[in-house]
2 protein chains.
Amino acid sequence: MKSSLKQIASELNLSTAAVSKALNDYPDISKNTKKRVNTYVKKIGYQPNTHARFLRTKKSQTIALILPNTTDSLLSTIAEDILVKAEYLGYNILVSCSKESEEIEKRLVNRFLQQKVDGIIMSLSSTTSDYSHLVDIQSNTTTLVLFNTTARTVNCNRVYLNDKEAALNATNHLIANGCSQIAHFRGPLTPQNSIDRYLGYREALNSSKLPFDSEKILLAEKGNAEEGYTLAKTLYNKKITIDGLFCFNDALALGAMRFFNEKGVKIPKDISIMGFGNSNISAYSSPSLSTVDHEISTMGAKIMEVFLDEEQSKKENEEIVVKKILLKNKVIARESTLK
Amino acid sequence: MKSSLKQIASELNLSTAAVSKALNDYPDISKNTKKRVNTYVKKIGYQPNTHARFLRTKKSQTIALILPNTTDSLLSTIAEDILVKAEYLGYNILVSCSKESEEIEKRLVNRFLQQKVDGIIMSLSSTTSDYSHLVDIQSNTTTLVLFNTTARTVNCNRVYLNDKEAALNATNHLIANGCSQIAHFRGPLTPQNSIDRYLGYREALNSSKLPFDSEKILLAEKGNAEEGYTLAKTLYNKKITIDGLFCFNDALALGAMRFFNEKGVKIPKDISIMGFGNSNISAYSSPSLSTVDHEISTMGAKIMEVFLDEEQSKKENEEIVVKKILLKNKVIARESTLK
DNA sequence: AATAGTTACTAAATCGTTTTAGTTTATCTT
DNA sequence: AAGATAAACTAAAACGATTTAGTAACTATT
């Protein structure tokens, strides 16, 4: 029933040390003994006790994944890929949710450092503005990989979208389709991705010599459909005239579209709408939503790759090189922008 | 830097045993000593090594959460609640994804049993038809809580929707709004929730003396918007006349709606559409989608409650009573059914 | 004053691994 | 044949907590 090295050792008339070494392929164990041990172990389905092993090795084969929320379509897609890849590699993944709170995020990081996880993979909360906890992680020799919502000023592994370029492309797509008065529902003020998308939008206006109008910038704190609906209503009630709208994400865009549909504003004839992220549902709204896609399907794999690289370097005592991986983007033109 | 009982003990001129007992509030430690220990521990931010503790207590303070996927809106909402609650209670959550595969699900269960997690919280994969692994969990005295996609034939804790009743209500809502030829996009064949929603649909037809037509039942394996679109196209091309459609979930309904919108079929005038689950986006489609809501916001809390109850019973050596918790449902009538 | 009973600790074993430092036996040198 | 070398093990410590059994120093009882 309960199997341990001790039990196996007594069964095979060996010491626990010999069994342990056989399983870990030490050179001072005979081939014959290794075979005996391995076949017996397979037969009874023995698996080493990870806690006991940790006590000696300090390797937990565990990665902490900290997400600001689990409901965002992009995050949950990436999370799934990480989970599947990690499982395949024999890692356990501890998942925690910071609820977009800097305080909780810091508490979680602290806890995982105490618990000595091998690494922390994290998308920053939208309210995080101080990065001291990230520095803590690095000085603890715990591997850190940031993704999606990352920190520019901290020199650590990052896998992220080229938010500025993608936003530039999105806005340019609106301009190319005849829009000249383009509003932007921007994301929260602190996170880098939100800032970058805003900057991309501004750069697009600039390079086409379109005037910038701060009235056309609305702040979305939550980034869900409900908020998109409300912000569209705000624009409408203030009678701010626009012919294009670029949103921080698809959910905002869908909410806004719903409002305009309700008011009889024609999309894309009166207003063209661009989302961001190419969420599952975006192709199936009415009208279907134009958006920017990001090879999200490769992101999870790339995150794990960066993580494993650093673990490998640490094991071999090589110098650690920080990796910064930028994903490509592609405008997906659908009905909401094609007149 | 690295704190352990030993280090604290030497600092306070105590034995490790005394420190451990002080922290665990043993009666044979003086109040004064307890206070000394607790204040010092707080000062240096000591947290016990969970692995070392496990070795003695066999309690890992860890729960495994196994999901068939992480992208489904319902699952990710519940997952977030569980994560937050667990964090608050000091539990770690190991999350894994079975990718809707019975084989992976069984492998994961096996692994977590070997790892001696305190409990397993799981939504079954849609392809799981053999439940021997669930019995394994129970005979391992590991606490098991199933939710959402559950097994009827295994006597274990369940927190689930009253799928049959909810489907009955949804279908009745269509009938009450004048539909008599109602199609159903049903979920996969094996899972209980899919079967129950189908049975609820049939019962509604029955009790209103409406004829049942197997041609109007289409099977959705994946349950996403793309599939909803495809199935609607199938119905349309086969020229199967319907005036109502009840879908296994909102994503299917939204996909179908998109198809009918494209073809100029008027919703709800020509066809009324009901979803299931009240996903975030359902209120913001055009037309907005009628659906069935389930107090999902309470589900995570209820799951944790059931888990903690069983843990408590085990600790006190009480008899274990299996809990089966059924969530209430409510039809949300929106534009897609209101003529 | 001798015995019993409390109080507040400590010593040491234990959990299941890994790893260092031997130890035994056989084989090879010279 | 004695010493060195190699092969294939074993013994025991260590990781950091918990817990059982024991003990010293008091206090209470008779």
Side-chain angles (χ1 to χ4, degrees), chain A residues 1-38 40-41 44-62 90 92 111 113-118 141 315, chain B residues 1-38 40-41 44-62 90 92 111 113-118 141 315:
Chain A
M1 198 73 228
K2 59 169 180 186
S3 51
S4 66
L5 287 189
K6 201 169 158 186
Q7 202 238 332
I8 295 167
S10 88
E11 191 69 31
L12 299 177
N13 281 320
L14 286 168
S15 67
T16 60
V19 177
S20 171
K21 286 179 169 183
L23 289 172
N24 292 302
D25 205 23
Y26 273 54
D28 63 348
I29 298 292
S30 72
K31 285 209 168 129
N32 183 37
T33 301
K34 280 179 188 169
K35 194 174 286 173
R36 275 211 309 148
V37 170
N38 278 308
Y40 182 71
V41 151
I44 65 165
Y46 165 81
Q47 288 200 229
N49 182 312
T50 53
H51 303 280
R53 171 183 281 169
F54 171 87
L55 227 47
R56 282 297 320 235
T57 63
K58 304 294 165 207
K59 283 279 140 193
S60 58
Q61 286 287 106
T62 297
N92 280 322
R111 182 160 140 195
L113 287 181
Q114 297 274 7
Q115 271 181 41
K116 304 291 176 200
V117 295
D118 292 353
T141 71
K315 206 158 84 184
Chain B
M1 198 72 226
K2 60 168 177 185
S3 50
S4 66
L5 285 191
K6 200 169 157 187
Q7 201 238 332
I8 294 167
S10 88
E11 191 69 32
L12 299 178
N13 283 318
L14 286 168
S15 66
T16 60
V19 178
S20 171
K21 285 179 171 184
L23 289 171
N24 292 300
D25 205 24
Y26 273 54
D28 61 349
I29 299 292
S30 73
K31 284 210 169 125
N32 183 37
T33 302
K34 280 179 187 169
K35 195 174 285 172
R36 273 210 311 147
V37 170
N38 278 309
Y40 181 71
V41 151
I44 65 165
Y46 164 81
Q47 288 198 230
N49 181 313
T50 53
H51 302 281
R53 171 184 281 169
F54 172 86
L55 229 46
R56 282 299 319 236
T57 62
K58 304 295 166 206
K59 284 278 140 194
S60 58
Q61 286 288 104
T62 297
N92 280 323
R111 182 160 141 197
L113 287 181
Q114 296 276 7
Q115 270 181 41
K116 305 289 176 201
V117 295
D118 292 353
T141 70
K315 204 159 84 186

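What you see below is based on every heavy atom in this structure, not just the backbone, and it leaves out hydrogens, waters and symmetry mates. On a predicted model such as this, the values are computed, not experimentally measured, just so you know. Lettering of chains follows the sequences in order, A, B, ..., and the numbering in each one begins at 1.
The salt bridge (charged side-chain N to carboxylate O under 4.0 Å, His left out) check on A:Lys34 picks up A:Asp25, with sequence neighbours excluded. Residues satisfying the side-chain contact (heavy atoms from CB on, under 4.5 Å) criterion with B:Lys21, sequence neighbours excluded, are B:Tyr26, B:Asp28, B:Ile29. With sequence neighbours excluded, the residues forming a side-chain contact (heavy atoms from CB on, under 4.5 Å) with B:Glu11 are B:Tyr40, listed by chain and number. Under the side-chain contact (heavy atoms from CB on, under 4.5 Å) criterion, A:Ala17 pairs with A:Ser15, not counting sequence neighbours. Not a single salt bridge (charged side-chain N to carboxylate O under 4.0 Å, His left out) links B:Lys58 to another residue, sequence neighbours left out. B:Ser10 is linked by a side-chain contact (heavy atoms from CB on, under 4.5 Å) to nothing, counting only residues two or more places apart in sequence or in another chain.
Bracketed by its first and final contacts, the part of DNA chain D lying under 4.0 Å from non-hydrogen atoms of chain B reaches from D:dG16 to D:dA21 in 5' to 3' order. You can see that DNA chain C meets the heavy atoms of chain A within a 4.0 Å-exclusive cut from C:dG16 to C:dA21, reading 5' to 3'.
DNA chain D lies under 4.0 Å from at least one heavy atom of each of the following residues of residues 24-32 of chain B: B:Asn24, B:Tyr26. Within residues 45-57 of chain A, the residues that have a heavy atom under 4.0 Å from DNA chain C are, in order of number, A:Tyr46, A:Pro48, A:Asn49, A:Ala52, A:Arg53, A:Leu55, A:Arg56, A:Thr57.
Closest of all the heavy-atom pairs between B:Val117 and B:Ser60 is CA-OG, 3.7 Å.
In this structure, the separation between OG on B:Ser20 and CD1 on B:Ile8 is 10.0 Å, given to the nearest 0.5 Å. For the atom pair CG (A:Asn92) and CG (A:Asp118), the distance works out to 10.0 Å, reported to the nearest 0.5 Å.
Here the options are A:Val41, A:Val19, A:Asn13, A:Leu12, the test is side-chain contact (heavy atoms from CB on, under 4.5 Å), and the partner is A:Arg36; only A:Leu12 passes.
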Atom pairs and distances, donor-acceptor, side-chain atoms in residues 45-55 of chain B, under 3.5 Å, two or more places apart:
{"from": "B:Asn49", "atom 1": "OD1", "to": "B:His51", "atom 2": "N", "distance (Å)": "2.8"}
{"from": "B:Asn49", "atom 1": "OD1", "to": "B:Ala52", "atom 2": "N", "distance (Å)": "3.0"}
{"from": "B:His51", "atom 1": "ND1", "to": "A:His51", "atom 2": "ND1", "distance (Å)": "3.2"}

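Comparing B:Leu5 and B:Lys21 by the nucleotide of DNA chain D that holds the closest heavy atom to each, the one mapping nearer the 5' end is B:Leu5.
Across its full length, the helix from C:dA1-D:dT30 to C:dT30-D:dA1 shows an angle of 60° between the axes of its 5 terminal pairs at either end, rounded to 10 degrees.
Within the nucleic acid shown, B:Lys58 comes within 4.0 Å of sugar-phosphate atoms alone, with no base atom in reach, counting heavy atoms only.
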